[in-house]
Amino acid sequence: MEERFFTSKQAAEIAGCTLRQLQYWRESGMVVPVITETGTGRSIYYSEGNLVELAAMVYWLSVGFTFEVAREVLKTLKEQYPGLLSDREQKRLIFVKESQEGAAKLVEFDVEKVVAAWAEGKFVVPVWLDVIYGRLREKVKG
């Protein structure tokens, strides 16, 4: 199967973010386009995997996560599950952090795990990849 690539303008439109957000996320190293990570305009191309990362950021910000939390969840997701975003695996995960400074981890969603983490005072964030993929699928056909 041949991978498709998208210009910055297309990526922003599909993911639902602004060109300025794309630029900031690219410059901060959070979402790095697969083709030419420096430059402007048409010299930058995003892969379908990049679109998933962008859509995830937009979704998390839209449901009220702070930028810092969304960035940390995305970073942890890419470290713990390399390839997951490009594989489009329909997982539901939870992001758990012991404390503000503590280590973060992603685990498979389980109601008992969520309740136990909350009861222990841990910071818990749902990571519904199926929702993110569903929103993206609506915008990108194929």
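These numbers come from a predicted model, not from an experiment.
A salt bridge links K97 and E72; the closest N-O separation between the charged side-chain nitrogens and carboxylate oxygens is under 4.0 Å. Ion pairing of D130 with K91 is absent here, as no side-chain N (NZ or NE/NH1/NH2) approaches a carboxylate O to less than 4.0 Å.
Once rounded to the nearest 0.5 Å, the distance linking CG of L136 with CG of L54 reads 9.0 Å. A distance of 12.0 Å separates CZ in R71 from CH2 in W25, rounded to the nearest 0.5 Å. In this structure, the separation between CG on L77 and CG on L129 is 6.0 Å, given to the nearest 0.5 Å. Remark: M30 CE to K78 NZ distance equals 8.0 Å, nearest 0.5 Å. The structure places OG of S8 at 4.5 Å from CD1 of I44, a figure rounded to the nearest 0.5 Å.
With a 4.5 Å cut-off on side-chain heavy atoms, V127 and R92 do not count as touching. Contact check for M57 versus L74: side-chain heavy atoms found under the 4.5 Å cut-off. No side-chain heavy atom of Y81 sits less than 4.5 Å from a side-chain heavy atom of T76.
When every heavy atom of A55 is checked against every heavy atom of A15, the shortest pair comes out as N-CB, 4.0 Å. A pairwise comparison of heavy atoms in A11 and Y46 identifies CB-CD1, 3.7 Å as the closest pair. Residues W60 and P126 come closest through the heavy atom pair NE1-O, 4.3 Å. For I132 against V52, the heavy-atom pair with the smallest separation is CG2-O, 4.1 Å. The two residues Q10 and F5 come nearest to each other via the heavy atoms OE1-O, 4.3 Å. Considering all non-hydrogen atoms of both residues, I94 and E108 come closest at CG1-O, 4.2 Å.
Checked by atom type and distance alone, the side chain of Q80 pairs as donor or acceptor with a backbone atom of L106 at under 3.5 Å. Judged purely by atom type and a 3.5 angstrom limit, Q21 uses its side chain to pair as donor or acceptor with the backbone of T18. Between the N50 side chain and the V34 main chain, a donor and an acceptor come within less than 3.5 Å of each other.
A centroid separation of less than 6.0 Å is found between the aromatic rings of F109 and W128.
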- Item | Pair F67-Y24, ring pair (Phe, Tyr, Trp, His ring centres under 6.0 Å): steps then yes or no | CA-CA 12 Å; F67 175 77; Y24 178 74; 5.6 Å; yes
- Please assess E13 against K9 for the test salt bridge (Lys or Arg N to Asp or Glu O under 4.0 Å), listing each intermediate value before the final yes or no. CA-CA 6 Å; E13 186 177 304; K9 185 176 179 180; over 6 Å; no
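K105 NZ: 12 or fewer foreign heavy atoms inside a 6.0 Å radius.
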